[in-house]
*Asks:* 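Structure below; questions to follow.
Small disclaimer: the values here were computed from a predicted structure and weren't measured. Positions are given from 1, in the same order as the sequence printed here.
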Amino acid sequence: SLDTETSGDDDGESSGLSVSVGGYLKTLAYWNQEEYSELLWGYYQNFAANNLDAPEKQKLSGYNNIGTRLQVKVEGFLGDSARLFTAMNVNYNIARSLHESDDEDRSNTEIRMVESFIELYGDSRTWKVGSQIVTWSYMEGVEVPTDRVNARDSSYKSTEYEDSKLASTGILLTQNISESQFEIMYI
């Protein structure tokens, strides 16, 4: 973690800059199993006969991902008036997908931007601008009907529910009204 402080103006206002770097490193291992119905397998056989892409076997199983994920987070505060946040995943995978052949060239490393935004604080409102994941109503591991702001990527393997969400680029306004909040987002 890196922290830097700068002094504020002589009038006593705090405008210090604080930056921290963090994240996590975890290992990944995912087993995948697929089986096509007789009807669908028949269609795939027609695809193969016409030189179109089709699975090689009716039943497939094996490791789809063996590797690591490094997430790097950088967060900075400009006093109590602004916050900058960015997070990025670097995935390293030595396993091939079940649908990749051994002679295909592939990269073992994938970089994915998770979020990158700036928040500006006012008296009773906050503006958040940039690529962001917004969660409206959430229960651990359960998709809630009102949580529809971000698209989902079910091909992105993770044990964290939030990792399947794709950030939306937009402007989020949060207005505090008494003990309640009003949020509106332009995407």
*Asks:* Heavy atoms, side chains only, cut-off 4.5 Å: are Arg152 and Leu166 in contact?
*Replies:* no
*Asks:* Test your reading of the model: is there a side-chain donor-acceptor pair from Asn50 to the backbone of Leu52, 3.5 Å cut-off?
*Replies:* no
*Asks:* At their closest point, which heavy atom of Ala167 faces which heavy atom of Ser131, and how far apart are they?
*Replies:* CB-OG, 3.2 Å
*Asks:* Where do Ser168 and Met185 come nearest, in terms of heavy atoms and distance?
*Replies:* O-CE, 4.1 Å
*Asks:* So Pro55 and Trp41, do their side chains get closer than 4.5 Å, heavy atoms only?
*Replies:* yes
*Asks:* Any chance CG of Asp53 has more than 12 other-residue heavy atoms, nucleotides or ligands included, within less than 6.0 Å?
*Replies:* no
*Asks:* Taking side-chain hydrogen bond (donor to acceptor under 3.5 Å, both in side chains) as the criterion, tell me which of Glu38, Glu35, Glu34 meets it with Gln58.
*Replies:* Glu38
*Asks:* If we only count heavy atoms from C-beta on, is the Thr86 to Lys73 side-chain gap below 4.5 Å?
*Replies:* no
*Asks:* Pick one: which of Asp80, Thr126, Leu78 meets side chain to side chain contact (heavy atoms under 4.5 Å, CB included) with Tyr121?
*Replies:* Thr126
*Asks:* Are Ser116 and Phe85 packed together at the side-chain level, in the sense that at least one heavy-atom pair is separated by less than 4.5 angstrom?
*Replies:* no
*Asks:* Treating Ile, Leu, Val, Met, Phe, Trp and Tyr as nodes and any side-chain heavy-atom pair under 4.5 angstrom as an edge, say whether Ile171 and Ile184 lie in one connected cluster.
*Replies:* yes
*Asks:* Is Glu75 salt-bridged to Arg83, cutoff N-O under 4.0 Å?
*Replies:* yes
*Asks:* Any idea which heavy atoms bring Ile133 and Glu115 closest together, and the distance?
*Replies:* N-OE2, 2.8 Å
*Asks:* Is it possible for you to say whether Val134 and Ile187 belong to one hydrophobic cluster, with membership spreading through side-chain heavy-atom contacts below 4.5 Å?
*Replies:* yes
*Asks:* Please report the interatomic distance CG(Leu28) to CD1(Ile94), rounded to the nearest 0.5 Å.
*Replies:* 11.0 Å
*Asks:* Just by modelled atom types, is the Tyr43 backbone N or O under 3.5 Å from a matching donor or acceptor in the Gln45 side chain?
*Replies:* no
*Asks:* On a heavy-atom basis, which atom in Arg112 and which in Lys165 lie closest, and how many Å separate them?
*Replies:* NH2-O, 3.5 Å
*Asks:* Give the minimum heavy-atom separation between Gln175 and Ser124, together with the two atoms involved.
*Replies:* NE2-OG, 2.7 Å
*Asks:* Same cluster or not: are Tyr186 and Leu172 linked, directly or through other Ile, Leu, Val, Met, Phe, Trp or Tyr residues, by side-chain heavy atoms under 4.5 angstrom apart?
*Replies:* no
*Asks:* Check the pair Thr174, Glu183 against side chain to side chain donor-acceptor pair (under 3.5 Å), reporting the backbone distance first and the verdict last.
*Replies:* CA-CA 5 Å; Thr174 304; Glu183 288 187 327; 3.1 Å; yes
*Asks:* Tell me whether Trp31 at atom CH2 has more than 12 heavy atoms from other residues, nucleotides or ligands lying less than 6.0 Å away.
*Replies:* yes
*Asks:* Report the residues that fulfil side chain to side chain donor-acceptor pair (under 3.5 Å) with Ser81, sequence neighbours left out, ordered by chain and then residue number.
*Replies:* none
*Asks:* Between Tyr30 and Tyr63 (judged by ring centroids, cut-off 6.0 Å), do the two rings come close enough to count as a pair?
*Replies:* no
*Asks:* Just wondering, are more than 12 heavy atoms of other shown residues or ligands nearer than 6.0 Å to OH in Tyr24?
*Replies:* yes
*Asks:* Once you round to the nearest 0.5 Å, how far does CD1 of Ile177 lie from CZ of Phe182?
*Replies:* 7.0 Å
*Asks:* Between Asn93 and Ile66 (side chain of the first, backbone of the second, donor and acceptor by atom type, cut-off under 3.5 Å), is there such a pair?
*Replies:* yes
*Asks:* Quick check for you: to the nearest 0.5 Å, what is the distance between Leu70 atom CG and Thr109 atom OG1?
*Replies:* 11.0 Å
*Asks:* Find the distance between CZ (Arg125) and CG (Leu120) and round it off to the nearest 0.5 Å.
*Replies:* 12.0 Å
*Asks:* State the OG1-CG distance between Thr68 and Asn91, to the nearest 0.5 angstrom.
*Replies:* 7.5 Å
*Asks:* Assigning hydrophobic clusters by single linkage (Ile, Leu, Val, Met, Phe, Trp, Tyr; side-chain heavy-atom cutoff under 4.5 Å), is Val114 placed with Leu84?
*Replies:* no
*Asks:* To the nearest 0.5 Å, how far apart are CD in Gln71 and CG in Asn89?
*Replies:* 4.5 Å
